[in-house]
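These notes are about the structure you will find just below.
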Amino acid sequence: MARRYGRGDVQFFERFGWVYDLATNPVPPVSLDPALVFAERPIDRVLDIAGGTGRATEPLLDTAEIVPVIDAASTMCQRARLHGRISIRGDVENFPVSNDAVDAVVIGDALHHLPTVSHFFDEAARVLAPGGVLLIEEIDPSTALGNLIAAGEDLMGFDSRFFTPERLCTILTDTGFEPRIAVSGVRYLVAGRVSVR
Ligand SMILES: C[S@@+](CC[C@H](N)C(=O)[O-])C[C@H]1O[C@@H](n2cnc3c(N)ncnc32)[C@H](O)[C@@H]1O
């Protein structure tokens, strides 16, 4: 099914952002710690990209200094602000952040919505300081439940494209990151470290 909700399925989140928390609250965010230990620098400045209402980076609020949420859907940004988060409307292919500005970039449950991932990886590499990490939380389509979720998103008209953790590691290597699978399972976590230049 082709792009029923526009690029990145953003129109869907624009329309239903106000109930997003109701749907996701029963699922607690995964701990990002097993991936953060892969960083070769302290994690003080974090970007939550395609961050929606800020769910994925909630566990970092106690330890990191700055954790803004960037999302293309204004409804999701408004919800993030209601949770007390700094939220900026923006696109994954062009972060409003200077080079080497952050220690970690997090993208939770959103990579599969992007029509192309290469620009996103280039942007993540640009804004990450040497030794920083890109953290990707995703659904593994090779698991039974992951396959069911992928089929459900297709039925709903999403333009989703899911990656296995192994495939994501290959893409990360090809785009200059050093990858590691930090958590396996239906909901997995992969880290990509940018080398210390
Ligand atoms: C399933 S939600 C995930 C939100 C949040 N990261 C979480 O873990 O709950 C996917 C999000 O990706 C955002 N999104 C999709 N394409 C985008 C793009 N090109 N730039 C920025 N955000 C995008 C949507 O607006 C939506 O908020």
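When a ligand or atom number is given, it counts from 1 through the structure's own listing order.
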**Prompt:** Can you list the residues that meet the ring-ring contact (aromatic ring centres under 6.0 Å, His included) rule with His113, with sequence neighbours excluded?
**Reply:** Phe13, Phe158
**Prompt:** Do Leu47 and Pro68 touch side chain to side chain, with heavy atoms closer than 4.5 Å?
**Reply:** yes
**His83, NE2: over 12 other non-hydrogen atoms inside 6.0 angstrom** = yes
Which pairs would a plain distance check flag for residues 167-176, meaning a side-chain donor or acceptor within less than 3.5 Å of a matching protein atom at least two apart in sequence or in another chain?
from, atom 1, to, atom 2, distance (Å)
Thr170, OG1, Glu166, O, 3.1
Thr173, OG1, Cys169, O, 2.9
Thr175, OG1, Ile171, O, 2.8
Thr175, OG1, Leu172, O, 3.2

**Message:** Hydrophobic cluster membership, with links at side-chain heavy-atom distances under 4.5 Å among I/L/V/M/F/W/Y: are Val10 and Phe120 in one?
**Reply:** no
**Item:** All side chain to side chain donor-acceptor pair (under 3.5 Å) counterparts of Thr116, not counting sequence neighbours
**Value:** Glu93
Pairs under 3.5 angstrom, nitrogen or oxygen on both sides, ligand 1 versus protein: list them out, please.
from, atom 1, to, atom 2, distance (Å)
ligand 1, 6 (N), Ala50, O, 2.9
ligand 1, 6 (N), Gly108, O, 2.8
ligand 1, 8 (O), Arg55, NE, 3.0
ligand 1, 8 (O), Arg55, NH2, 2.5
ligand 1, 8 (O), Gly108, O, 3.1
ligand 1, 9 (O), Tyr20, OH, 2.6
ligand 1, 9 (O), Arg55, NE, 2.8
ligand 1, 16 (N), Gly8, O, 3.4
ligand 1, 19 (N), Asp91, OD2, 3.1
ligand 1, 20 (N), Val92, N, 3.1
ligand 1, 22 (N), Ala72, N, 3.2
ligand 1, 25 (O), Asp71, OD1, 2.7
ligand 1, 27 (O), Asp71, OD1, 3.2
ligand 1, 27 (O), Asp71, OD2, 2.7

